There are 2 protein chains.
Amino acid sequence: MTERLSIQKVAEKFEVTQRTIRYYEERGLIKPSRNSGGHRSFSPKDVTRLGLVFRGKKYGFQLDEIKEMIHLFDQDPSGVRQLERTLDYGHEKLREVDDRIHELQELRAEMRQWLVKFEEELRERRGDPV
Amino acid sequence: MTERLSIQKVAEKFEVTQRTIRYYEERGLIKPSRNSGGHRSFSPKDVTRLGLVFRGKKYGFQLDEIKEMIHLFDQDPSGVRQLERTLDYGHEKLREVDDRIHELQELRAEMRQWLVKFEEELRERRGDPV
DNA sequence: TATACCATTTACGTGAACGTAAAGTTCAAC
DNA sequence: GTTGAACTTTACGTTCACGTAAATGGTATA
């Protein structure tokens, strides 16, 4: 009794519209199976995969990039060569994520500084003791 | 002799097209001054400001959000009330950045795990010693 | 099996962030 | 002062990630 979900249930789960889910299928990010009547039927694996997609989106990746990444995650490369190529790609993506983190930390530091400066300004105007 | 730049120079500096620069002006993100002939003339301050815009973009913020943020950065709020509101907004934005960093770190951890798994797989197939 | 509510595809619409082309104006160098 | 490159505005075009509507067909329950 594997929990198969309708498109509506999936859409509710991720708080998006059905259109979004269908669009992701259109773009080749997912391929849910169909029942006898042609309705989409989502396996837990399909749902997990969609989770990856939404996470990727949250991080600001494009759908095409996400597509590449999830194909990495769910394919079991046959040969050693293929496995090596896949690993290289994975390391590259990891470095990209590292860079993003680093840049965000720089932005954070800048904002902190700016906030501290303004807080000092506020204390002065209020005449609060330091 | 303050280094005033043409739109072309600025575009080259940031590796974008002139259209992009003009679009940012259209949207109210920058307001470079004009020379007697109506051509845009960018002061160092204008350039710095553009730098903020591109950084914001890199982090995945929308132009409207960036607009709010740079207005925050360069305005000197007059009253204490206004200053407080500005600070609140700043803290909110800082938390958003923190959240993004945290999420990216989670993604990073996942990718690391996945890479380690695949590297083990590769060693096994190669028959390498551990 | 009738009814109400799902789901399906097809296809045109939308906002953000520019691209691109046209027609005219200014600048810089000779 | 003429010429060519750089600049200006105006305005329509494009891609991404969906929104939305229409026409049709499947599903569940009384």
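Letters A, B, ... mirror the listed sequences (proteins, then strands); counts begin at 1. The structure displayed is predicted, hence computed values, not measured ones.
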Readout for nucleotides 21-30 of chain C: B = base within 4.0 Å of protein heavy atom, S = sugar-phosphate only, - = neither; 5' to 3' it is -----SS---
Atom CZ of B:F54 and atom P of C:dA17 are separated, to the nearest Å, by 13 Å
Rounded to whole Å, the CG-C1' distance (A:D64 to D:dA17) equals 11 Å
B:E26 atom CD is separated from C:dC18 atom P, nearest whole Å, by 11 Å
Requested in this report: Report the C-alpha separation of A:K57 and A:Y24 in whole Å, then their side-chain angles, then the decisive distance to 0.1 Å, and conclude whether the side-chain contact (heavy atoms from CB on, under 4.5 Å) test is met.
Outcome: CA-CA 12 Å; A:K57 279 230 58 190; A:Y24 292 169; 3.3 Å; yes
- Donor-acceptor pair (no angle test) under 3.5 Å: B:R19 side chain, C:dT20 base: yes
message = Counting only side-chain nitrogens and oxygens, does A:Y23 get under 4.0 Å of the OP1 or OP2 atom of D:dC16?
response = no
For B:R4 and B:S33, test the side chains for any donor-to-acceptor distance below 3.5 angstrom and give the result as yes or no. yes
Problem - Check ion pair B:D46-B:R40 (N to O, under 4.0 angstrom) - result: no
- Does A:S6 make a side-chain N or O approach to OP1 or OP2 of C:dA7 shorter than 4.0 Å? yes
Here the residues of residues 8-18 of chain A within 4.0 Å heavy-atom distance, strictly under, of DNA chain D are A:T17
Rounded to the nearest 0.5 angstrom, the OG1-CD distance for B:T17 and B:Q8 is 10.0 Å
Once you apply a heavy-atom cut-off of 4.0 Å, does A:R22 come out as touching a base, just sugar-phosphate, or nothing? base
dist A:R112:CZ -> B:L94:CG (nearest 0.5 Å) comes out at 6.0 Å
A:I7 CD1 to D:dC18 C1', in whole Å, measures 13 Å
Which of B:L50, B:I21, B:L63, B:L52 passes side-chain contact (heavy atoms from CB on, under 4.5 Å) with B:L29? Answer is B:L63
Taken to the nearest whole Å, CZ/A:R40 to C1'/D:dG26 is 13 Å
Per atom distances to the B:R34 side chain, the nearest of C:dA16, D:dA17, D:dT8 is D:dT8
(Q) Less than 4.0 angstrom from a charged side-chain N to a carboxylate O is my criterion; do B:E25 and B:R34 meet it? (A) yes
Taken to the nearest whole Å, CD1/B:I21 to C1'/C:dA17 is 13 Å
Of all heavy-atom pairs linking B:F14 and B:V47, the shortest is CZ-O, 3.5 Å
Distance col, row A:R22:CZ vs A:Q18:CD, nearest 0.5 angstrom, shows 4.5 Å
The residue, A:Q62 or B:S41, whose nearest nucleotide of DNA chain D is more 5′ is B:S41
Of the candidates C:dG19, C:dT8, D:dA17, the side chain of A:K57 sits closest to D:dA17
Whole-Å distance, A:E25 CD to C:dA7 C1', equals 13 Å
Atom CG of B:L29 and atom C1' of C:dC18 are separated, to the nearest Å, by 13 Å
| query | Do B:Y23 and B:R19 have a side chain donor and acceptor closer than 3.5 Å? | reply | no
